[in-house]
Protein chains: 2
Amino acid sequence: MNIGEVAERAGLPPKTIRYYEDIGLIRPLRSDNGYRAFQKNDLHKLAFLGRARALGFSIEDCRTLLALYDDSTRESAQVKQIAEEHLHQIDEKIAQLKSMRNTLAHLVEACHGDHRPDCPILKDLSNANVD
Amino acid sequence: MNIGEVAERAGLPPKTIRYYEDIGLIRPLRSDNGYRAFQKNDLHKLAFLGRARALGFSIEDCRTLLALYDDSTRESAQVKQIAEEHLHQIDEKIAQLKSMRNTLAHLVEACHGDHRPDCPILKDLSNANVD
DNA sequence: CTTGACCTTCCACCTGCTGGAAGCACCATT
DNA sequence: AATGGTGCTTCCAGCAGGTGGAAGGTCAAG
């Protein structure tokens with residue numbers, strides 16, 4: 001398989017696939033013409049990467065997960081730990097965004113949003129304790 | 001005021017302040033010795049930027065907000081629109097993270113996390129429709 | 001035999017900073 | 001006046017995780 005077909009099937013842009021090779025996540029063979037010659041295994045790994053990235057795992061997490069995926073003697077505890085840590089990070093991120101959202105929603109509500117210059121949003125933003 | 005004091009009072013690292021000058025968000029005067037000479041107004045703008053960034057506004061949004069902040073003839077509707085769009089983006093981000101969280105939480109729950117290699121997390125990640 | 005789609009590499013750019021090196025400026029001691 | 005320590009300056013590089021584009025080789029169809 002050439003990169004175009006693999007990209008199509010894995011649902012990743014060719015550029016991203018080349019990048020993943022660059023950083024050593026995959027190591028596709030090469031044909032005589034210099035084209036990357038992807039095997040089924042590469043395709044599976046790329047799809048795996050696509051799913052893991054869609055779940056927000058970092059590239060380094062993906063690297064580890066892929067190594068575990070390849071290792072038939074792995075312990076599921078290792079995988080679970082990575083996933084749990086990531087879950088925790090997602091929770092933190094959600095909490096942070098919710099807090100932003102709250103503040104911002106109040107400000108938006110308080111702003112009439114008309115032709116007048118008076119604006120509680122700007123007022124709040126400039127009201128930092130700085131003097 | 002020198003950059004150190006301003007950094008302290010605005011709650012931003014000196015590096016960040018130099019960067020903000022670099023990209024044209026602020027234009028502090030210079031003393032004869034070449035040091036940046038911050039006025040009260042610069043300090044207020046930096047604090048404003050700090051608050052806006054903490055609410056997740058992009059640098060480009062901040063640029064626009066700062067221009068509106070400076071413009072006494074602004075219409076609050078302009079500010080409100082930016083804030084509403086940003087709010088919307090936050091909501092989307094939260095929804096996306098919640099969806100990730102859901103999927104991941106199910107997977108983590110399903111994984112025994114012991115010394116055996118059998119792992120529903122890896123299984124799910126590799127189960128993309130690819131053939 | 002040419003056209004167009006596909007592939008290759010390489011380099012730059014994106015966001016929003018952050019770290020570090022090399023070199024002045026300033027202030028307080030000695 | 002010299003010295004030492006801190007603070008300031010600029011510039012260059014790098015982080016994540018790609019994306020865009022240029023310059024050029026390859027392949028299959030007409």
Side-chain angles (χ1 to χ4, degrees), chain A residues 1-39 42-43 45-46 48-66 85-86 89-90 93 96-97 100, chain B residues 1-39 42-43 45-46 48-66 85-86 89-90 93 96-97 100:
Chain A
M1 277 177 287
N2 283 349
I3 202 169
E5 188 185 344
V6 173
E8 177 80 19
R9 289 166 74 168
L12 292 173
K15 282 267 183 188
T16 300
I17 295 176
R18 292 195 192 99
Y19 172 68
Y20 286 170
E21 182 186 11
D22 239 45
I23 62 174
L25 288 180
I26 50 167
R27 295 179 198 285
L29 298 173
R30 295 290 178 138
S31 307
D32 291 345
N33 58 14
Y35 288 16
R36 288 168 184 82
F38 295 88
Q39 311 301 120
D42 297 314
L43 179 53
K45 283 191 182 179
L46 286 169
F48 181 103
L49 286 168
R51 292 268 297 143
R53 293 288 300 133
L55 286 176
F57 284 101
S58 73
I59 291 286
E60 285 319 299
D61 277 349
C62 287
R63 196 187 298 279
T64 309
L65 289 172
L66 213 45
E85 271 166 28
H86 180 44
Q89 283 171 19
I90 291 178
K93 189 82 195 161
Q96 190 192 346
L97 283 173
M100 280 184 190
Chain B
M1 275 176 290
N2 283 349
I3 202 169
E5 188 184 344
V6 172
E8 177 81 18
R9 290 167 73 169
L12 294 172
K15 281 269 184 188
T16 300
I17 296 176
R18 292 195 192 99
Y19 172 69
Y20 286 171
E21 182 187 9
D22 239 45
I23 62 174
L25 289 178
I26 50 166
R27 295 180 198 285
L29 298 173
R30 294 291 177 139
S31 307
D32 290 344
N33 58 12
Y35 287 17
R36 289 169 185 81
F38 295 89
Q39 311 302 119
D42 297 315
L43 179 54
K45 284 190 183 179
L46 286 169
F48 181 103
L49 286 169
R51 292 269 297 146
R53 293 287 301 133
L55 286 176
F57 284 101
S58 72
I59 290 287
E60 285 319 299
D61 277 349
C62 287
R63 195 186 298 281
T64 309
L65 289 172
L66 213 46
E85 270 165 29
H86 180 44
Q89 283 171 18
I90 291 178
K93 190 82 194 162
Q96 192 193 345
L97 282 172
M100 280 183 189

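Both backbone and side-chain heavy atoms feed into the values below; hydrogens, waters and symmetry mates do not. Each chain gets a letter, A, B and so on, in the order the sequences are listed, and its residues count up from 1.
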Value for CG (A:D42) from CD1 (A:I17), rounded to nearest 0.5 Å, stands at 9.5 Å

Hey, what do you get for OG1 (B:T64) to CZ (B:F57), rounding to the nearest 0.5 Å?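 Reported value, rounded in 0.5 Å steps: 10.5 Å.
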
Between B:E60 and A:F38, the residue closer to the 5' end of DNA chain C by nearest nucleotide is A:F38

Heavy-atom nearest nucleotide on DNA chain C taken for B:K15 and for B:R53; more 5' hit belongs to B:R53

For [X] and [N], give me the distance from atom [atom1] to atom [atom2], rounded to whole Å.
X	N	atom1	atom2	answer
A:I26	D:dG18	CD1	P	12 Å
A:L46	D:dG18	CG	C1'	15 Å
A:D22	C:dA12	CG	P	15 Å
A:K93	D:dA16	NZ	P	16 Å
B:M1	C:dC26	CE	C1'	19 Å
B:Y35	C:dG23	OH	P	17 Å
B:E21	D:dC11	CD	P	12 Å
A:E5	D:dC27	CD	C1'	16 Å

So, under a plain 3.5 Å distance rule, would you say the side chain of A:Y20 forms a donor-acceptor pair with the base of D:dG18? no

Quiz item: Is the backbone N or O of A:D61 less than 3.5 Å from a side-chain atom of A:H86, with the two atoms forming a donor-acceptor pair by type?
Solution: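 A pair under 3.5 Å: no.
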
Mark yes or no for whether A:N33, through its side chain, and A:Y35, through its backbone, hold a donor-acceptor pair below 3.5 Å.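 Confirmed, A:N33 side chain pairs with A:Y35 backbone.
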
Next item on the list: Looking at every strand, decide which applies to B:P14 at a 4.0 Å heavy-atom threshold: base, sugar-phosphate, or nothing.
Entry: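 If one applies the 4.0 Å heavy-atom cut-off, B:P14 turns out to touch nothing in the nucleic acid.
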
Exercise. When we call it a touch if two heavy atoms are under 4.0 Å apart, what does A:R36 touch: a base, just sugar-phosphate, or nothing?
Worked result: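 The residue A:R36 makes sugar-phosphate contact but no base contact.
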
Minimum-distance nucleotide to [X] side chain [options: [options]]:
X	options	result
B:R18	D:dT9, D:dG18, C:dT8	D:dT9
B:Y19	C:dT8, C:dG16, D:dG20	C:dG16
B:P13	D:dC27, D:dT9, C:dT18	C:dT18
B:I59	C:dG16, C:dC7, D:dC8	C:dG16

| message | Regarding A:R63 and A:E60, does a basic nitrogen lie under 4.0 Å from an acidic carboxylate oxygen? | response | yes

Looking at [N], I'd like to know if its phosphate oxygens (OP1 or OP2) sit under 4.0 Å from a side-chain N or O belonging to [X].
X	N	result
B:T16	C:dT18	yes
B:S58	C:dG16	no
A:N33	D:dC27	yes
B:R30	D:dT10	yes

Task: Side-chain heavy atoms of A:K45 within contact of A:L25, under 4.5 Å - done: no

